[in-house]
Protein chains: 2
Amino acid sequence: MADVAERAGVSASTVSRTLRGLSTVSPEVRSRVEQAARELNFAVSRQAASLVTGKTGVVAVLAPTLNSWFIGSALSTLGPELRAAGMDLLVYLTPEMSARADFFERLPARRNADALLVFSFDLTDEETARLDDLQMPVIYVSQHSDGCPSVYVDDVAGARRGTQHLLNLGHRRIAFVQTIGASGFSFSSNERLIGYQQALTGAGIPLDDELVVATVVSDKRRITEAVGELLSLREPPTAIFAEQDELAASVIWTLRKGRIDVPERISVLGFDDHPLAEWSDLSTIAQSPSDIGRAAGELARSLINEPDADPARHIVLPTRLIPRGSTVPLRGDGEETAGNGAG
Amino acid sequence: MADVAERAGVSASTVSRTLRGLSTVSPEVRSRVEQAARELNFAVSRQAASLVTGKTGVVAVLAPTLNSWFIGSALSTLGPELRAAGMDLLVYLTPEMSARADFFERLPARRNADALLVFSFDLTDEETARLDDLQMPVIYVSQHSDGCPSVYVDDVAGARRGTQHLLNLGHRRIAFVQTIGASGFSFSSNERLIGYQQALTGAGIPLDDELVVATVVSDKRRITEAVGELLSLREPPTAIFAEQDELAASVIWTLRKGRIDVPERISVLGFDDHPLAEWSDLSTIAQSPSDIGRAAGELARSLINEPDADPARHIVLPTRLIPRGSTVPLRGDGEETAGNGAG
DNA sequence: GTGAAAGCGCTAACAA
DNA sequence: TTGTTAGCGCTTTCAC
């Protein structure tokens with residue numbers, strides 16, 4: 001920076017002011033400094049600047065993996081969003097338990113970021129406590145955390161809406177397939193189950209535990225088994241609501257393999273609007289990871305820059321039904337537009 | 001750090017030495033310092049340290065998006081790899097041209113990272129020149145760059161092997177479907193086409209331009225059209241080699257929609273071993289983004305820590321054939337094990 | 001094996 | 001509007 005100052009014939013302070021875009025620099029000096037900086041190919045060192053400002057200009061993200069549609073999409077929006085505000089995106093990945101333990105032990109983000117975004121974890125109380133030690137805003141994405149800022153979609157309402165869609169189509173025996181925890185990775189499953197139950201109850205349909213089965217998304221064998229359990233009920237479902245699109249796609253595949261036509265014999269509804277859903281012509285409840293990423297970025301920025309911002313602000317994003325070909329009226333006796341289809 | 005020093009009854013220098021694991025600290029003092037640091041929940045500030053060491057402890061990645069199987073998988077391995085070496089992963093995302101232009105204009109990574117990993121771009125010469133301005137190692141991933149370190153798979157050999165597989169199955173009319181540039185996003189397509197051509201030529205089969213069609217991966221209409229072109233040839237292909245699994249899956253879907261059985265009437269081969277491939281029972285040429293990420297991480301570390309390391313080291317990773325259900329012998333007259341199938 | 005002192009590159013407060 | 005000065009928190013000589 002001294003070089004630039006010398007070349008432009010000004011002091012280091014003036015260079016600093018110019019490069020930070022402060023208005024207290026005369027146009028003439030400004031252009032001289034800018035040119036000198038360009039010629040010298042100079043860029044301010046964040047490290048040095050942060051030493052005195054106390055801000056790192058970095059937002060950190062803690063995620064189990066980047067290999068996920070949701071996280072990938074959210075970060076792909078978040079990154080440019082932050083960049084536009086002059087901030088960088090730092091990623092901490094904890095695909096394994098050991099990496100995760102190490103993260104919480106050392107908290108490497110400490111002092112090296114201005115805020116931390118926590119993606120999709122089932123955190124233990126102990127881990128949450130550790131995050132409180134971090135002297136920075138911690139924002140939870142896709143999960144609630146009392147007293148902490150967070151961003152998530154209204155899973156309950158979404159699942160309620162999805163179930164209602166099936167009810168409107170005349171379905172009464174509606175199964176719910178939930179995912180079970182792939183090692184500490186939360187997918188808001190309970191909320192979705194609750195929404196499903198609320199809709200049924202609201203329609204005066206008693207809950208039937210036999211209609212709720214659980215499986216690991218990637219376990220085809222278990223999925224086959226779960227679908228088998230549903231089909232072998234005395235009164236099998238005419239519609240299946242899967243907690244995630246990927247699971248829904250597996251369910252459809254399993255059903256068709258068993259010569260059960262979808263949607264003719266069984267309607268299937270997913271959740272997420274994963275690219276797979278459009279591809280498979282799967283009706284689904286859409287959430288937008290992109291919007292979530294954007295909202296998380298804005299929240300982070302406001303928490304960093306406005307000390308008096310609400311420290312526990314929740315942003316709840318909506319979901320919306322996308323009817324496609326995998327859900328149809330039950331034997332033609334119901335229609336989405338026919339009210340709540342109770343008759 | 002002064003606090004820790006005071007609490008442990010030593011000087012700041014000693015705390016620094018202890019926390020960096022230097023051996024010139026007596027065991028007794030060491031344990032006292034470590035305990036003090038723990039009690040104070042102290043962590044060294046990278047910013048301050050890097051100011052004097054000149055190293056940031058950060059590896060930056062430039063990628064178009066995180067919403068990609070390849071990039072997501074590679075980074076999911078790279079991140080923990082770096083973390084284990086005490087380094088952080090910074091991500092620059094340029095989904096749009098404007099963000100990309102901005103990155104190359106400002107080069108925000110400059111002075112804020114120890115190395116830059118460039119993922120999957122078709123860079124212009126001008127952009128490459130800008131990266132040379134960056135006073136740090138720049139590593140190209142999934143692409144060659146003369147005189148620069150890089151990590152990639154041998155696409156030519158992989159495509160040759162894939163084509164040979166189809167030849168071995170008795171196919172002679174083998175089409176190649178290539179992808180055309182989704183805005184600056186390179187998928188090594190030319191190399192794969194070359195491998196395909198090499199294998200045909202090696203088997204004494206003349207190249208037929210009509211058997212090579214191009215399409216955008218996400219453009220279903222164009223894919224349908226391209227498949228139509230192939231099917232309407234006087235002598236249609238009996239096998240189709242798609243440059244990517246996602247494209248191969250689309251091709252299969254299109255063929256089946258047109259009542260053309262796969263693999264009975266036409267064999268289809270993909271490239272990548274995307275999760276979709278296993279799911280669709282698609283034969284493919286596998287590459288491992290995870291291995292690529294690991295190799296890139298190691299290369300970055302060696303370039304950062306060993307000033308006399310070969311500054312233009314190339315790491316070429318292998319591919320391997322994964323035969324699944326989408327490729328079968330031509331009318332039963334050939335087999336993979338029957339030599340090169342030339343007869 | 002340990003401490004004192006200098007200084008990394010920048011920004012902020014103050015003076016001019 | 002601009003320059004001067006004093007650190008930010010750490011590492012690194014260089015003494016001891």
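Keep in mind that this is a model prediction, so the values were computed, not measured. First the proteins, then the strands, lettered A, B, ... as listed; each starts at 1.
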Results of side-chain hydrogen bond (donor to acceptor under 3.5 Å, both in side chains) for A:Glu28 - residues two or more places apart only:
A:Arg32

Indicate the atoms forming the closest heavy-atom contact of A:Leu90 with A:Asn112, along with that distance.
CD2-O, 4.2 Å

A side-chain contact here means heavy atoms from C-beta on lying under 4.5 Å apart; do A:Val151 and A:Leu317 qualify?
yes

Tell me, which pairs form a salt bridge (charged side-chain N to carboxylate O under 4.0 Å, His left out) where one or both residues lie in residues 68-86 of chain A, sequence neighbours left out?
A:Glu81-A:Arg301, A:Arg83-A:Asp88

Which of residues 45-53 of chain B have a heavy atom under 4.0 Å from DNA chain D?
B:Ser45, B:Ala48, B:Ala49, B:Leu51, B:Val52, B:Thr53

Of all nucleotides in DNA chain D with an atom under 4.0 Å from a non-hydrogen atom of chain B, which is the first and which the last going 5' to 3'?
D:dG9 to D:dT12

Matching residue for A:Val61 among A:Leu116, A:Leu117, A:Leu82 - test: side-chain contact (heavy atoms from CB on, under 4.5 Å)
A:Leu117

Could you work out, with side-chain hydrogen bond (donor to acceptor under 3.5 Å, both in side chains) as the rule, every residue matching B:Arg7, not counting sequence neighbours?
B:Glu39

Atom CG of A:Leu22 to atom P of C:dT11: distance rounded to whole Å?
9 Å

When you match B:Val29 and B:Arg111 each to their closest nucleotide on DNA chain C, which lands nearer the 5' end?
B:Val29

Set out, line by line, the N/O atom pairs under 3.5 Å between protein and nucleotides 13-16 of chain C.
none

Quick one: side chain to side chain donor-acceptor pair (under 3.5 Å) pairs with a partner in residues 289-300 of chain B, sequence neighbours left out?
B:Thr77-B:Ser290, B:Ser288-B:Asp291, B:Asp291-B:Arg294

Side-chain polar contacts of residues 9-17 of chain A - donor-acceptor pairs under 3.5 angstrom, sequence neighbours left out - could you list them?
residue: A:Ser11; atom: OG; partner: A:Ser13; partner atom: N; Å: 3.4
residue: A:Ser11; atom: OG; partner: A:Thr14; partner atom: N; Å: 3.4
residue: A:Ser11; atom: OG; partner: A:Thr14; partner atom: OG1; Å: 3.3
residue: A:Ser16; atom: OG; partner: A:Arg20; partner atom: NE; Å: 3.2
residue: A:Ser16; atom: OG; partner: A:Arg20; partner atom: NH2; Å: 3.0

Suppose the criterion is ring-ring contact (aromatic ring centres under 6.0 Å, His included): which pairs have a residue in residues 73-94 of chain A, not counting sequence neighbours?
A:Tyr92-A:Phe103

Residue list, side-chain hydrogen bond (donor to acceptor under 3.5 Å, both in side chains) with A:Arg111, at least two apart or on another chain
none

Given B:Asp114 and B:Thr56, is the side chain to side chain donor-acceptor pair (under 3.5 Å) satisfied, shown in steps?
CA-CA 6 Å; B:Asp114 296 336; B:Thr56 62; 2.9 Å; yes

If the condition is side-chain hydrogen bond (donor to acceptor under 3.5 Å, both in side chains), which residues does B:Ser26 pass it with, not counting sequence neighbours?
none

Does any part of the side chain of A:Trp69, heavy atoms only, come nearer than 4.5 Å to the side chain of A:Pro289, both counted from C-beta?
yes

Rounded to 10 degrees, the angle between the two terminal axes of the helix from C:dG1-D:dC16 to C:dA16-D:dT1, each from five pairs
30°

